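In this text, all values refer to a predicted model and were calculated from it rather than measured experimentally.
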Amino acid sequence: MPILNDPDLIYFRKRIRILNALGPYLREHHCQPTSFYFDCFSICIDAEIEPEFREFYGWWLEMELVSDTFEYHYQFGVYNKLGEWIAAPIPDSYQHDVTQSLNQFYEKLSVCLTDQLTLSLKPSLILAKTLILSAA
């Protein structure tokens with residue numbers, strides 16, 4: 001049973017509310033008091049098929065609170081018709097748009113964490129140096 005005066009649990013709902021204001025990125029059902037999950041369906045692969053069977057190119061980002069800093073890592077891939085993210089390279093013709101959507105989200109997230117939650121954001125040690133966002 002969680003301890004009711006645990007600061008992580010007390011601020012969890014506040015963090016969820018603030019992070020939800022960033023747009024449709026936060027996936028609450030994947031979040032825990034000290035970890036948060038975001039994703040973005042940047043490009044629909046085939047808009048001609050029924051919506052429930054569509055696949056998307058995009059990204060997902062996870063961040064975990066370590067002291068007063070959120071550490072993040074992310075991956076690019078395909079959101080498949082089973083509702084799962086699969087790490088995969090993005091075709092060159094879509095890479096710019098997918099990367100741009102991640103960079104725009106990262107800028108919003110960074111400002112939100114700094115200004116509203118007074119927390120910082122940095123890359124996780126598991127994130128390859130080649131994948132660190134430019135604003136990091």
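Residues in residues 20-29 take part in these salt bridge (Lys or Arg N to Asp or Glu O under 4.0 Å) pairs, two or more places apart or across chains: Arg13-Glu28, Arg27-Asp39. Applying the salt bridge (Lys or Arg N to Asp or Glu O under 4.0 Å) test to residues at least two apart or on different chains, none of the pairs has a partner in residues 72-84.
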Q. Stepwise, does the side chain to side chain contact (heavy atoms under 4.5 Å, CB included) test hold for Met63 with Leu113?
A. CA-CA 12 Å; Met63 64 180 199; Leu113 292 177; 4.1 Å; yes

Q | Residues Leu109, Leu61; criterion side chain to side chain contact (heavy atoms under 4.5 Å, CB included); working and verdict | A | CA-CA 11 Å; Leu109 178 63; Leu61 181 145; 4.3 Å; yes

Q: Test side chain to side chain contact (heavy atoms under 4.5 Å, CB included) on Val111 and Glu107 and set out the steps.
A: CA-CA 6 Å; Val111 168; Glu107 289 175 23; 5.8 Å; no

Q | side chain to side chain contact (heavy atoms under 4.5 Å, CB included) between Leu102 and Phe76, worked out | A | CA-CA 9 Å; Leu102 176 59; Phe76 293 111; 3.8 Å; yes

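Leu26 and Phe56 fall into different hydrophobic clusters, where Ile, Leu, Val, Met, Phe, Trp and Tyr residues are linked whenever their side-chain heavy atoms come under 4.5 Å apart, directly or through other members. With hydrophobic clusters built from ILVMFWY side chains whose heavy atoms lie under 4.5 angstrom apart, Val66 does not share a cluster with Leu119. Under the 4.5 Å side-chain heavy-atom criterion for ILVMFWY residues, no single connected hydrophobic cluster contains both Trp60 and Leu65.
Every side chain to side chain contact (heavy atoms under 4.5 Å, CB included) that Gln104 has, sequence neighbours left out, goes to Gln100. Listed by chain and residue number, Ser120, Lys122 satisfy the side chain to side chain contact (heavy atoms under 4.5 Å, CB included) test with Thr69 (two or more places apart in sequence, or in another chain). Under the ring pair (Phe, Tyr, Trp, His ring centres under 6.0 Å) criterion, Phe36 pairs with Phe12, Phe70, sequence neighbours left out.
For the residue pair Cys112 and Ile18, the shortest heavy atom distance occurs at SG-CG2, 3.2 Å.
With Ser110 contributing its side chain and Tyr106 its backbone, the two residues share no donor-acceptor pair below 3.5 Å.
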Can you give each donor-acceptor pair under 3.5 Å made by side-chain atoms of residues 40-54, sequence neighbours left out, with the distance rounded to 0.1 Å?
{"from": "Ser42", "atom 1": "OG", "to": "Ser101", "atom 2": "OG", "distance (Å)": "2.7"}
{"from": "Asp46", "atom 1": "OD1", "to": "Glu48", "atom 2": "N", "distance (Å)": "3.0"}
{"from": "Arg54", "atom 1": "NE", "to": "Ile49", "atom 2": "O", "distance (Å)": "2.9"}
{"from": "Arg54", "atom 1": "NH2", "to": "Ala47", "atom 2": "O", "distance (Å)": "3.0"}
{"from": "Arg54", "atom 1": "NH2", "to": "Ile49", "atom 2": "O", "distance (Å)": "3.3"}

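The six-membered or imidazole ring of Trp59 lies near that of Phe105, with a centre-to-centre distance under 6.0 Å. Annotation: Trp85 is in aromatic contact with Tyr79 [ring centroid separation under 6.0 Å]. Aromatic ring centres of Tyr74 and Phe38: separated by at least 6.0 Å.
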